[in-house]
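Reading through the structure tokens given below for one structure.
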Amino acid sequence: MLGKLTVDALPLYSWVAMGGAVVTVVGALAVMALITWFKWWRILWSEWLTSLDHKRIGIMYLVLALVMLVRGFIDALMMRAQQAVALNSEGYLPPDHFDQIFSSHGTIMIFFMAMPFMSGLFNIVVPQQIGTRDVAFPFMNSVSFWLTTAGAGLVMVSLVIGKFSTAGWTGYPPYSGIEYSPGVGVDYWIWSILISGVGSTLTGINFIATIVMRRAPGMTLMRMPLFTWTTLTSSVIIIFTFPALTVACALLGLDRTLGMHFFTNDAGGNMMNFINLIWIWGHPEVYILVLPAFGIYSEVVATFSGKRLFGYTSLVVATAAIGILSMTVWLHHFFTMGSSASVNTFFGIATTIIAVPTGVKVFDWLFTLYRGRIRFTPPIMWTLGFIVTFVIGGMTGVMLALPPADYLMHNSAFLVAHFHNMIIPGVLFGYVAGFMYWFPKATGIILDEKWGIRSFWCWLIGFYLAFMPLYALGFMGMPRRMEHYNVAEWQPYLIVAALGAVVILLGVACLVIQLIVSVVEWQKRRDHTGDPWDGRTLEWLTSSPPAVYNFAVLPEVGDRDAFLDMKQRGIAYRKPDRYQDIHLPKNSGVGVVLGGFAFVLGFAMVWHIWWLVAVCALAMWVAIIVRSSNDDDEYCLPAAEVEKIENARYEELAHASPPGGEDAPGVSTTPLQENPT
């Protein structure tokens, strides 16, 4: 009845693993108890879990991303601590557990922290930036989120029942094959990625359709904000590359479950096919994540320097060029695996070329900042830290683009430093900047600036302490993924790296404190204007948080900086002559049901509980049929109700004062009239 699932699946092999399992279970039970104590289940179900409002789905994505950020960072801290003390000793982590930790760290940070963070910002910002009321497919948006959550849930469950993969976050065969990894760890990895990957693919489709088909009147492609452009480009890459990941994982699963030979040395299998497929997705994935961060930096530098974005057209062209070139560089991840000199040369040149449009972006941001009236708020601090740090990572990337240099550095600590030098400042700094920039829009609360700046400095200093020593260790010949070592010269560098991880931990703590302080002080941090930063794009035209319909009347766009243009022409807050009924999607629990059954199906596949697999597959099919058969999936918000909401909004604007006082940094002090002429 329970397949391979027995009491041996409990994590009794290590006190560290058992401690992690206990913390996970106790934490989940504590959250459920808290919700029960405050009687939040009803409102949580009716207002959030079943919501098809893109803004609420976006906030739930961000909650998932922040939870997984903490989970993934704990893995990083454990690895750094192990390596700092493991000179001529076993340290405190058994080898098998250490292998699980570096596998889960990469998997969590890419699939279940960065991707949800990105999708959350897409949902909160893009429909408002392009002046529409919703995404193209609201129900599919809900399904995407719950499939991503189901995949994250499988990774978390692997802490408690069974083990996670020890084959690394890319799962190379033959080690990920059944012969070398007979346990369930690789199966957890496969099914968490398969399920969440489908959700990510649906997100890409949804936002392409939304941006192409639902822009406000007058918003041509060359009037779209840069964040919208990068969202569009990232979504295009998603739908071209995520199917390769899905196919690779599915075929590896068939090898493991049904004894097939897609990626073996037997019966015509070819392991290099897997490596090609995984990196055909894997390197574009870097740009899937980093392009939206580039869009955030573009919005931030324009807003907080008080200037029109320099080189808008070149930024758009550079974004498109990166999107195209991202699919031509995957082979540089295996220069050392026996390709011909001509093949290595082509991919080395392509990898070098892709640095050019990225450099164009950096210069455009610097020229935007040049002679601007810069307001040093947390979002601009994260942006400035990114520019300096990312350029260093880019230079090391150009170095690794040369096959002879890559032969020396491949699989060394240098490579670990380079990858994190691109992802942490390039992606995470950008998403945190976007989080702080758009938090008032999503929630109506301006985050505490002091704790935001403290978090930035801890992250920046901690990053340099944690990863600059790894560059040196790479030159000294230290391989990555070492659980223990016997070269005494390495230990001082590893101790410094561990101290850097502790400083980053302080940065994570500051982010948590910033949230807590801001929520506790929410009344004095309330944004009554909808435009706390004196913004330039359409999302700042709506209230904070926006009404369920975003815009009572769809805006007419006449300029690239659409909202700034409206403010300058005195029409930003002009009341319309009349309102109309607005049709909006009804809440639906089907997305939750599909995500729940997907989670159980993945768990059943991991443990070979075949009857449960059949039940879940049937239940998901029935849920899809039920949803497809329901034509009553919208409700009408009457014009009178819209007018009531908008009148309250104009009344609030008429009496609004900038949060934090007239002299608060980063806050527009321009008085707002109810109906300016």
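As the structure is a prediction and not an experimental result, all values here were calculated from the model.
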Open item on the list: Suppose the criterion is ring pair (Phe, Tyr, Trp, His ring centres under 6.0 Å): which pairs have a residue in residues 255-275, not counting sequence neighbours?
Closed with: F263-F274

- [ ] Please name all residues satisfying salt bridge (Lys or Arg N to Asp or Glu O under 4.0 Å) with R256, sequence neighbours left out, ordered by chain then number.
- [x] D187

Task: Neighbour count above 12 (heavy atom, 6.0 Å) for N265 CG - done: no

Task: Partners meeting ring pair (Phe, Tyr, Trp, His ring centres under 6.0 Å) with Y180 (sequence neighbours left out) - done: none

- [ ] Check the angle between the aromatic planes of F463 and F467 and answer parallel, tilted or perpendicular using the 30° and 60° thresholds.
- [x] tilted

Open item on the list: For the OG1 atom of T170 and the CH2 atom of W281, what is their distance to the nearest 0.5 Å?
Closed with: 9.0 Å

Open item on the list: Angle between ring planes, F304 versus Y437, binned at 30° and 60°: parallel, tilted or perpendicular?
Closed with: perpendicular

TODO: Find out whether Y172 and M271 are in side-chain contact, i.e. whether some heavy atom of one side chain is under 4.5 Å from a heavy atom of the other.
DONE: no

TODO: Evaluate the side-chain proximity of L291 to T319: yes if any heavy-atom separation is below 4.5 Å, no if none is.
DONE: yes

Task: Stepwise side chain to side chain contact (heavy atoms under 4.5 Å, CB included) check, M272 with F334 - done: CA-CA 10 Å; M272 284 301 299; F334 44 101; 3.6 Å; yes

- [ ] Please work out whether the ring planes of W438 and F227 are parallel, tilted or perpendicular, with thresholds of 30° and 60°.
- [x] tilted

Task: Rounded distance [0.5 Å steps], CG in D96 versus OG1 in T166 - done: 5.5 Å

- [ ] Considering non-hydrogen atoms only, spot the tightest contact between G151 and S192 and give its length.
- [x] O-CB, 3.4 Å

Compile the donor-acceptor pairs under 3.5 Å between side chains in residues 70-77 and protein atoms, sequence neighbours left out, one pair per line.
from : atom 1 : to   : atom 2 : distance (Å)
R71  : NH1    : D75  : OD1    : 2.8
R71  : NH1    : D75  : OD2    : 2.6
D75  : OD2    : S104 : OG     : 2.8

TODO: Would you kindly say whether T389 and Y464 are connected by a side-chain donor-acceptor distance under 3.5 Å?
DONE: yes

Open item on the list: Under a plain distance cut-off of 3.5 Å, with no hydrogens placed, do S314 and D364 share a side-chain donor-acceptor pair?
Closed with: yes

Open item on the list: What I'd like to find out is whether the side chain of M78 reaches to under 4.5 Å of the side chain of Q82, using heavy atoms alone.
Closed with: no

Open item on the list: Parallel, tilted or perpendicular, judged at 30° and 60°: which one describes the rings of F367 and F310?
Closed with: tilted

TODO: Quick one: closest heavy-atom pair of L121 and F435, and the distance?
DONE: CD2-N, 4.3 Å

TODO: Provide the closest heavy-atom pair for I354 versus I322 in the form atom of the first, atom of the second, distance.
DONE: CD1-O, 4.1 Å

TODO: Report the distance from atom CG of L69 to atom CG of L62, rounding to the nearest 0.5 Å.
DONE: 11.5 Å

Task: Y175 atom OH, neighbour heavy-atom count above 12 within 6.0 Å - done: yes

Open item on the list: Classify the ring geometry of Y485 against W490: parallel below 30°, tilted from 30° to 60°, perpendicular beyond 60°.
Closed with: tilted

TODO: Would you please name every residue forming a side chain to side chain donor-acceptor pair (under 3.5 Å) with Y312, sequence neighbours left out?
DONE: W229

- [ ] Apply ring pair (Phe, Tyr, Trp, His ring centres under 6.0 Å) to H283 and list each qualifying residue two or more places apart in sequence or on a separate chain.
- [x] Y287, H332, H333

- [ ] Show your reasoning for whether side chain to side chain contact (heavy atoms under 4.5 Å, CB included) applies to S339 and F347.
- [x] CA-CA 11 Å; S339 298; F347 283 92; over 6 Å; no

Open item on the list: I want to check something: taking the side chain as every heavy atom from C-beta on, are H418 and M409 in contact at a cut-off of under 4.5 Å?
Closed with: no

